[in-house]
Amino acid sequence: MKVILPDGSELALPEGATGMTVAESIGPRLAKAALGVTINGELKDLDTPLADGDHVSVITAQSEEGLSLLRHSASHVMAEAVTRVFPDTKVAIGPSTKDGFYYDFDFPEPVSEEDLSRFQAEIEKSIKETQSFQREVVSREEALELFENEPYKLELIRDLPEGETISIYRHGNFLDLCRGPHVPDTSRIPAVKVLSIAGAYWRGDSDNRMLTRIYGTAFPSRKELEKHLESLELAKQRDHRKVGRELDLFSFHDEAPGFPFFHPKGMVVVNTLLDYWRKEHIAAGYREIKTPLILDRSLWERSGHWDNYKDNMYFTKIDNLDFAVKPMNCPGGILIYRAAQHSYREFPMRMAELGLVHRHELSGVLHGLFRVRAFTQDDAHVYCLPDQVENEVVRVIELVRRMYHTFGFDKVHMELSTRPAKSIGTAEMWERAETALASALGRLDLEYRLNPGDGAFYGPKIDFHIEDIMGRTWQCATCQLDFAMPERFELEYIGEDNQRHRPVMLHRTVLGSIERFLGIIIEHYGGAFPAWLAPVQAVAIPVADRHIEYAHSVAAELSAADLRVEVDERAESVGRKIRDNELLKVPFMLIVGDKEAAAGTVSMRARGRGDLGAMSRDAAAKMVADESRAPRVDG
RNA sequence: GCCGGCGUAGCUCAACGGAAGAGCAACUGAUUUGUAAUCAGUAGGUUGGGGGUUCGAUUCCCUUCGCCGGCUCCA
């Protein structure tokens, strides 16, 4: 028989050949690296018999699917190891994830981090033993019997649709309900590492029992595993909570859990960020507003927040009346719209607000600046005519992409979410709105993912996800149409026909939360902000005390050019001052001693680039100024 | 909110029923320094808060607050 390889060539094989036969006939290295096989596009075990004419591709850990196959198998190996250590453990599920795998267990007794090394040791044993994975197809009855002591498996089996093939995989003494496929044997997963332990609800539902989830990762080689563990360590070094403390940017205190305190240097970064934000928004035709933090109950009843968002809101009483601290900016912004009568001639009307919102988040979800209870949304609402929507959305997308580019976030992926089952508004309204969003994306020739039914109940939306330097993704910007608010607040404008009409309301953010965005860029840059954002852009370092005066005169010149500059007057060695400022990620150091003072020069050192040599004071000021220039904003 | 872990000096961590320690930072003094740590000294803690067990608690138990890792939720 013959099979067809990925390059289109044909390969003659004996009857009964498997994926392994294919790998072996291509080469011994491939045979060794082979983990699975795709047959006519379907991922299968390597020992699956092939049929004449099959399109066959051997899968190794080089591919995304090969790596996740390997990790999925590793999760089985871990489950086996864990049940060997704690025999009465009930097993739940164990899939692969983006960076590794996990397996959920129901332990007879609490298990702690200290047990992880025991699991690790057992895993190593299994790998050494080269246990093979064997697939078996069983009937529903057989399956129910095989897993009679595994309540979670039983639940899964019972939920399998009628007629579904039920397969099980065995390796060593372990048996698992699993669709597969798996690697041929445990020797193919030589580098497994048990990483951490955490709680997780059965089937992700908080009404269910809490299981113990054990995370791990696996790679095709030790070397790759080591590399991954190193990058985890690196990410830990970049943790914005650590960097924020080291660079004296912000802090958190028990007296206000979830509410960040910004220090002077942190405020420089925030304000510089906001200066840039304002320039972009003015250029994009927005006008800025500001609305109160605390507003009367009636407003929140009208907006629907009182009924739908109460659990996340903070309340207060003033003169015996109920007030709420705003969790969103729109209702307040709408009052500004309603403060005057509007004409279609004013549209599109773009109102931006850097609004501080408070949301009572569950204590367990707080996480540095990434998840806080008070944050500044870079919000804006655009009021426009229905046929202006598409154009406005295009403008929002362009603004988002331009601003992200400034921070090097060029990998942006977009998701369009459409009408959910429970929603308000007419079918025609939704149709029109979804088309407008889709054609805006189409006009810019952008790829996006469609999330049918994932929109808000009040309108469809586009979400933007950025990818940081460590490959993690973040949803920051959002652009959503809102049919609810204009109705609830009876917003109106006078049209060309001199009649009252309801405007379309567009709700959008670019950075999302200023606090979280700061956290993201701290980690993205590892604290080494580009000079325009750096809290201190240059430090003048006098070699000895007698150079302090000269250092100040140099600093004064930079200061006069609106640069943020300090003089390190400490009675420390030059080496020490350089080290400390290097650790503080100061972009430029201007070292001045006898030579410089006599010649009227400075010795320039740039962060991470080392000594750049002597230059005139003018040249130095120009260099720092040039590299510290805020990003250009052209309308 | 839930599960697990952790709260010791400003930071990073020791001590784990029997006089609370180190390094860095801070302060004082000396040093006046040439591209990633000068030296010496001083001070700093009701061991997160409250309660209990004990002759004795940082250590064991309960409780509360906070933090960390996840889950759920979300910007």
Side-chain angles (χ1 to χ4, degrees), chain A residues 97 102 104-107 110-116 195-215 236 239 241-242 245-246 248 251-258 309 311-312 327-329 355 357 359-379 463-464 474-478 509-517 519-520 541-548 569-584 589-596 603-614:
Chain A
T97 61
Y102 65 80
D104 287 346
F105 302 97
D106 192 351
F107 285 103
V111 164
S112 76
E113 213 149 320
E114 286 141 40
D115 298 305
L116 297 184
L195 293 174
S196 59
I197 183 166
Y201 298 108
W202 166 238
R203 298 194 140 180
D205 187 335
S206 56
D207 290 333
N208 284 343
R209 188 178 166 82
M210 176 72 71
L211 304 176
T212 304
R213 176 169 297 178
I214 299 179
Y215 285 91
K236 223 165 141 190
D239 189 314
R241 293 166 297 189
K242 177 175 144 76
R245 183 170 52 236
E246 287 167 352
D248 198 14
S251 56
F252 284 92
H253 302 275
D254 287 0
E255 289 82 348
Y309 208 71
D311 289 348
N312 285 299
M328 293 184 193
N329 301 304
V357 296
R359 298 181 184 176
H360 181 77
E361 300 291 347
L362 296 177
S363 63
V365 306
L366 302 177
H367 181 102
L369 294 177
F370 288 162
R371 196 69 186 276
V372 291
R373 283 178 170 158
F375 60 96
T376 310
Q377 270 186 320
D378 65 321
D379 217 341
D463 288 326
F464 301 73
W474 302 94
Q475 196 234 300
C476 295
T478 181
T509 64
V510 178
L511 308 181
S513 145
I514 300 302
E515 289 76 2
R516 192 177 70 161
F517 193 76
I520 293 170
I541 297 181
V543 170
D545 285 356
R546 62 181 178 280
H547 310 119
I548 287 178
E569 293 186 11
R570 293 176 305 158
E572 294 287 353
S573 65
V574 174
R576 176 55 178 273
K577 291 186 206 177
I578 286 170
R579 176 186 153 81
D580 289 347
N581 285 293
E582 202 64 64
L583 289 174
L584 288 172
M589 292 176 221
L590 287 60
I591 292 137
V592 294
D594 288 332
K595 281 181 292 191
E596 290 79 8
S603 182
M604 179 67 83
R605 183 188 165 99
R607 176 184 67 200
R609 285 188 270 167
D611 189 359
L612 301 181

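Computation of the quantities below employed the complete heavy-atom set of this structure, encompassing side-chain atoms and omitting hydrogens, waters and symmetry-equivalent molecules. A, B, ... follow the sequence lines: proteins, then strands. Residue 1 opens every chain. No experiment lies behind these values; they were computed from the predicted model shown.
Side chain of A:Arg359 to backbone of A:Pro327: a donor-acceptor contact under 3.5 angstrom is found.
Residue contacts shown for A:Lys577 are absent, as no nucleic acid heavy atom lies under 4.0 Å away. As judged by a 4.0 angstrom heavy-atom cut-off over every strand, A:Leu583 is placed among the base-contacting residues. Among the protein residues, A:Val543 comes within range of the nucleic acid bases, having at least one heavy atom under 4.0 Å from a base atom. Nucleic acid contact class of A:Glu113 (heavy atoms, under 4.0 Å, all strands): none. Using a 4.0 Å heavy-atom cutoff across all strands shown, A:Glu596 reaches at least one base atom of the nucleic acid.
Listed here is the closest heavy atom pair of A:Ser603 and A:Asp611: OG-OD1, 3.8 Å.
Put simply, A:Arg605 has no side-chain N or O that comes within less than 4.0 Å of OP1 or OP2 on B:G34.
Nucleotides B:U59 and B:G23 are separated by 24 Å at their C1' atoms, to the nearest Å. If you take atom C1' in B:A14 and the same atom in B:G51, they sit 28 Å apart, rounded to whole Å. Only the C1' atoms considered, B:C68 is 15 Å distant from B:G48, to the nearest whole Å. Using atom C1' as the reference point in both B:G56 and B:A40, the two lie 39 Å apart (nearest Å). Spacing between B:A9 and B:A22 at atom P, rounded to whole Å, works out to 14 Å. Comparing B:C16 with B:C11, their C1' atoms sit 23 Å apart, to the nearest whole Å. Comparing the P positions of B:C13 and B:C71 gives a spacing of 24 Å, expressed to the nearest Å. Rounded to whole Å, the C1' atom of B:A57 lies 14 Å from the corresponding atom of B:A15.
The partner of B:A40, taking Watson-Crick or G-U wobble pairs whose two distances both stay under 3.5 Å, is B:U28. Across the strands present, B:A57 finds no partner; the criterion is a Watson-Crick or G-U wobble pair with both atom distances under 3.5 angstrom. The nucleotide B:C71 finds its pairing partner in B:G1, both defining distances of the Watson-Crick or G-U wobble pair being shorter than 3.5 Å. The nucleotide B:U35 finds no pairing partner, because no Watson-Crick or G-U wobble arrangement with both distances shorter than 3.5 Å includes it. The base-pairing partner of B:C6, taking Watson-Crick or G-U wobble contacts with both distances under 3.5 Å, is B:G66. The base-pairing partner of B:A15, taking Watson-Crick or G-U wobble contacts with both distances under 3.5 Å, does not exist among the strands shown.
In this structure, the CZ atom of A:Arg579 is 6 Å from the P atom of B:A37, given to the nearest Å. Counting to the nearest Å, the P atom of B:A37 and the CD1 atom of A:Ile541 are 12 Å from each other. For the pair A:Lys242 NZ and B:U12 P, the computed distance is 9 Å after rounding to whole Å. As rounded to whole Å, 13 Å separates atom P of B:G5 from atom CD1 of A:Ile214. In this structure, the NZ atom of A:Lys236 is 12 Å from the P atom of B:U12, given to the nearest Å. Atom P of nucleotide B:G4 and atom CG of A:Asp115 are separated by 13 Å, given to the nearest angstrom. Separating the CD atom of A:Glu255 from the C1' atom of B:G48 is a distance of 11 Å, rounded to the nearest angstrom.
A:Asp205 and A:Arg203 are not joined by a salt bridge, as no carboxylate oxygen comes within less than 4.0 angstrom of a charged side-chain nitrogen.
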Exercise. Check the pair A:His547, A:Asp594 against side chain to side chain donor-acceptor pair (under 3.5 Å), reporting the backbone distance first and the verdict last.
Key: CA-CA 7 Å; A:His547 310 119; A:Asp594 288 332; 2.6 Å; yes
Exercise. Give the intermediate values and the outcome of side chain to side chain contact (heavy atoms under 4.5 Å, CB included) for residues A:Met589 and A:Lys577.
Key: CA-CA 10 Å; A:Met589 292 176 221; A:Lys577 291 186 206 177; over 6 Å; no
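Between the CD1 atom in A:Ile541 and the CD atom in A:Glu596 there is a gap of 11.5 Å [rounded to 0.5 Å].
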Distance-only donor-acceptor hits, side chain of residues 366-373 of chain A, under 3.5 Å, sequence neighbours excluded:
{"from": "A:Arg371", "atom 1": "NH2", "to": "A:Glu361", "atom 2": "OE1", "distance (Å)": "2.8"}
{"from": "A:Arg373", "atom 1": "NE", "to": "A:Glu361", "atom 2": "O", "distance (Å)": "3.0"}
{"from": "A:Arg373", "atom 1": "NH2", "to": "A:Glu361", "atom 2": "O", "distance (Å)": "2.7"}

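Listed by chain and residue number, nothing satisfies the side chain to side chain donor-acceptor pair (under 3.5 Å) test with A:Glu113 (two or more places apart in sequence, or in another chain). Taking the salt bridge (charged side-chain N to carboxylate O under 4.0 Å, His left out) definition, one finds that A:Asp378 meets it with nothing, sequence neighbours left out. Residues satisfying the salt bridge (charged side-chain N to carboxylate O under 4.0 Å, His left out) test with A:Lys242, not counting sequence neighbours, are A:Glu246.
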Check: protein-nucleotides 22-31 of chain B nitrogen or oxygen pairs below 3.5 Å:
{"from": "B:A25", "atom 1": "OP1", "to": "A:Arg576", "atom 2": "NH2", "distance (Å)": "2.1"}

Self-check item: Sugar-phosphate or base contact per nucleotide [nucleotides 63-75 of chain B; S, B, -; heavy atom under 4.0 Å]
Solution: ---SSSBBBBBBB
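Under the 4.5 Å side-chain criterion, counting only non-hydrogen atoms from C-beta, A:Phe105 is not in contact with A:Ile197.
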